[in-house]
Amino acid sequence: MAGGACSIVWFRRDLRVEDNPALTAGVRAGAVVAVFVWAPEEEGHYQPGRVSRWWLKHSLAHLDSSLRSLGTCLVTKRSSDSVSSLLEVVKSTGATQLFFNHLYDPISLVRDHRAKEVLTAHGVAVRSFNADLLYEPWDVNDAQGRPFTTFAAFWERCLSMPYDPEAPLLPPKRIISGDVTSCHSDQLVFEDDLEKGSNALLARAWSPGWSNADKALTTFINGPLLEYSKNRRKADSATTSFLSPHLHFGEVSVRKVFNLVRIKQVLWANEGNKAGQESVNLFLESIGLREYSRYLSFNHPYSHERPLLGHLKFFPWVVDEGYFKAWRQGRTGYPLVDAGMRELWATGWLHDRIRVVVSSFFVKVLQLPWRWGMKYFWDTLLDADLESDALGWQYISGTLPDGREFDRIDNPQFEGYKFDPHGEYVRRWLPELARLPTDWIHHPWNAPESVLQAAGIELGSNYPLPIVGIDAAKDRLQEALSEMWQLEAASRAAIENGTEEGLGDSTEATPFAFPQDTPMEENVEPARINAPATTRRYEDQMVPSMTSSLVRGVHDETSSDLRTSEEGSRAEVPRNVNVHQAPQRGTLNQGIQQTVRNNNSFLQFNLPMGVRNAEDSTDSSTSSSRRERDGGVVPVWSPPASSYSEQFIGDENDIGTSSSYLPRHPQSHQILNWRRLSQTG
DNA sequence: TTAAATTTTAT
DNA sequence: TAAAATTTA
């Protein structure tokens with residue numbers, strides 16, 4: 001059918017043939033050209049990490065083979081600009097229509113809007129659909145027609161909408177292929193040789209691809225779902241749904257999940273099965289949180305990089321590379337935290353409870369900027385998902401109206417006995433503690449010397465002492481909070497005086513520019529962990545990247561990382577950490593003021609801050625390891641902090657004071673338009 | 001039955 | 001940590 005009218009179905013994070021409205025529309029319209037564009041640079045700061053790319057690679061292969069059995073194939077394009085690649089495909093295939101499904105992260109919102117404009121201008125009819133959510137964000141509003149700002153109210157509304165979510169669509173029986181003879185596919189490269197080695201293990205635990213996702217769903221619903229409420233609290237329980245990576249890439253549709261779970265719900269309600277009903281409600285709630293993450297991202301497109309509660313932008317985070325590194329390596333001295341971080345490192349997976357534990361420790365005990373932690377999760381999690389992770393970290397950080405209280409500190413020791421009462425999880429991931437009795441497993445620092453000796457543990461040598469004491473952390477948190485309120489009051493006064501008036505609106509340039517990212521730091525680490533009976537290697541473990549001018553420091557730092565079971569590791573244990581001495585606070589606040597005054601300087605701001613921190617901390621007691629081993633050049637991961645949101649520091653995008661940023665800010669008209677655009681599907 | 005003690009769980 | 005839910009005397 002040479003050059004005959006056909007439509008492009010643009011696949012993104014909807015890698016399935018079942019319940020895929022864009023695909024269905026394409027099939028109905030006639031011949032189809034299925035396209036996937038790989039343009040990671042477009043994602044700026046948040047390019048998929050190694051394990052995420054591994055997943056994508058297999059998911060795409062799976063989709064391609066499904067499409068082939070239906071009569072067409074997946075055209076793949078390597079690109080630095082999705083929209084121009086689509087245009088190319090239009091030209092080479094003579095397509096007259098474009099169909100795609102909605103995404104709600106800020107970058108996609110803008111990119112998809114542009115795609116629509118540009119292709120329409122070229123005479124292509126564009127339609128887009130909801131395939132990712134039960135209800136579109138703009139359809140869920142309170143009685144005044146305003147978006148919700150708390151999860152409970154949002155979810156209650158979702159569950160009582162006047163109409164049900166759309167029923168899932170069946171896969172097409174057959175697809176008529178558009179003419180792709182003059183539209184060549186690029187070979188997409190998702191992993192290098194080094195990464196291949198590390199990824200080899202992933203296939204043992206996971207099967208990407210939409211029909212595997214479907215199997216996982218069925219297995220879960222017919223099995224573990226019943227006990228979901230009972231089992232979901234154990235650190236290493238295998239009773240979660242394990243659907244999150246499938247859902248992230250849209251291999252399974254939430255609407256299908258919802259429908260199948262609902263059927264069970266009715267069944268168990270009729271049987272009077274209380275445990276089952278509770279399980280269903282809890283599981284649906286976790287689906288609801290995923291919905292809410294998209295909802296927040298849509299209504300507050302900066303939620304992945306700035307607190308939704310405005311006063312939190314004045315919180316003086318501790319900018320300390322040493323702490324950050326100890327956390328990443330699982331060497332904080334708190335066994336549950338460390339076990340979690342080692343598991344994440346090794347497998348790309350973490351139970352939800354443990355995610356809460358490690359991130360809460362990160363924010364409340366170490367008081368590191370939550371976006372660093374979020375970025376590390378992004379780089380390492382198999383199910384890394386910008387919207388969900390932003391919601392999670394904001395919740396933990398207390399920067400949401402209904403998040404945890406900000407001044408609450410969870411004690412990892414108690415949480416350890418709660419989520420891992422027998423210490424099995426800790427022993428699995430921290431072999432150095434394997435012989436410690438359960439009584440001490442979550443607080444080895446209290447164990448009698450004789451017990452430690454018998455277990456072969458020398459605190460400060462082969463396992464660290466706590467990097468920060470909980471009591472010290474509490475004091476420090478209080479201080480930081482009062483500093484935050486002072487700064488907030490000062491800023492408010494300044495604004496009332498008119499000193500900073502209008503600054504927030506003055507920066508229209510590069511609305512979605514992020515600081516340059518450089519390739520991820522590599523850890524070349526032979527670490528032994530007696531996890532699933534294998535010796536694992538930790539090559540090419542991703543950690544947050546750093547600003548380009550500091551790249552030279554990379555190998556200096558990483559080559560000495562985390563030799564868990566080697567003598568050589570000892571120097572790396574963060575030690576000499578004086579609990580009573582407050583570490584250096586970052587100079588974020590000054591930085592922010594700077595940025596505001598000299599708006600659009602975020603790139604400049606970024607570098608100096610990193611360098612300053614590195615130099616400042618040379619003498620700090622928290623950074624001895626750096627001085628010893630890293631040759632003075634400290635790789636600094638550039639916090640996304642300064643990228644964008646601070647340009648709008650003067651605005652009132654507080655979720656507390658106004659429910660939506662959008663209507664009051666003309667410079668964000670792309671997104672206003674997008675609201676309209678979104679309804680065309 | 002009520003009130004106190006306890007356990008549970010946070011988006 | 002603190003509010004809510006549940007158990008106990």
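Here is how names work: the chains are called A, B, and so on, in the same order as the sequence lines, proteins then strands, and each is numbered from 1.
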Between protein and nucleic acid, restricted to nucleotides 1-5 of chain C and to nitrogen or oxygen atoms under 3.5 Å apart, what atom pairs and distances do you find?
unit_1 : atom_1 : unit_2 : atom_2 : d
C:dT1  : OP1    : A:K474 : NZ     : 2.9

Sequence neighbours excluded, which residues qualify as side-chain contact (heavy atoms from CB on, under 4.5 Å) partners of [X]?
| X | value |
| --- | --- |
| A:N411 | A:Q413, A:F414, A:I470 |
| A:N222 | A:T218, A:K264 |
| A:E166 | A:R255 |
| A:E278 | A:S229, A:L282 |

Quick one: list whatever passes ring pair (Phe, Tyr, Trp, His ring centres under 6.0 Å) with [X], sequence neighbours left out.
| X | value |
| --- | --- |
| A:W440 | A:H443 |
| A:F406 | A:F315 |
| A:Y135 | A:Y163 |

- prompt: How close do A:Q47 and A:D379 get, heavy atom to heavy atom, and via which atoms?
  reply: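 Closest approach of A:Q47 to A:D379, heavy atoms only: O-OD1, 4.5 Å.
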
Positional range of nucleotides in DNA chain B within the contact set of chain A, heavy-atom, under 4.0 Å: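 Both ends considered, the range comes out as B:dT9 to B:dT11.
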
query: Given the C1' atoms of B:dT11 and C:dT6, what is the spacing between them in whole Å?
result: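 Looking at atom C1' only, B:dT11 and C:dT6 are 23 Å apart.
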
- request: Have a look at A:D352 and say if it touches a base, only the backbone sugar-phosphate, or nothing, with a 4.0 Å heavy-atom cut-off.
  value: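 Base contact.
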
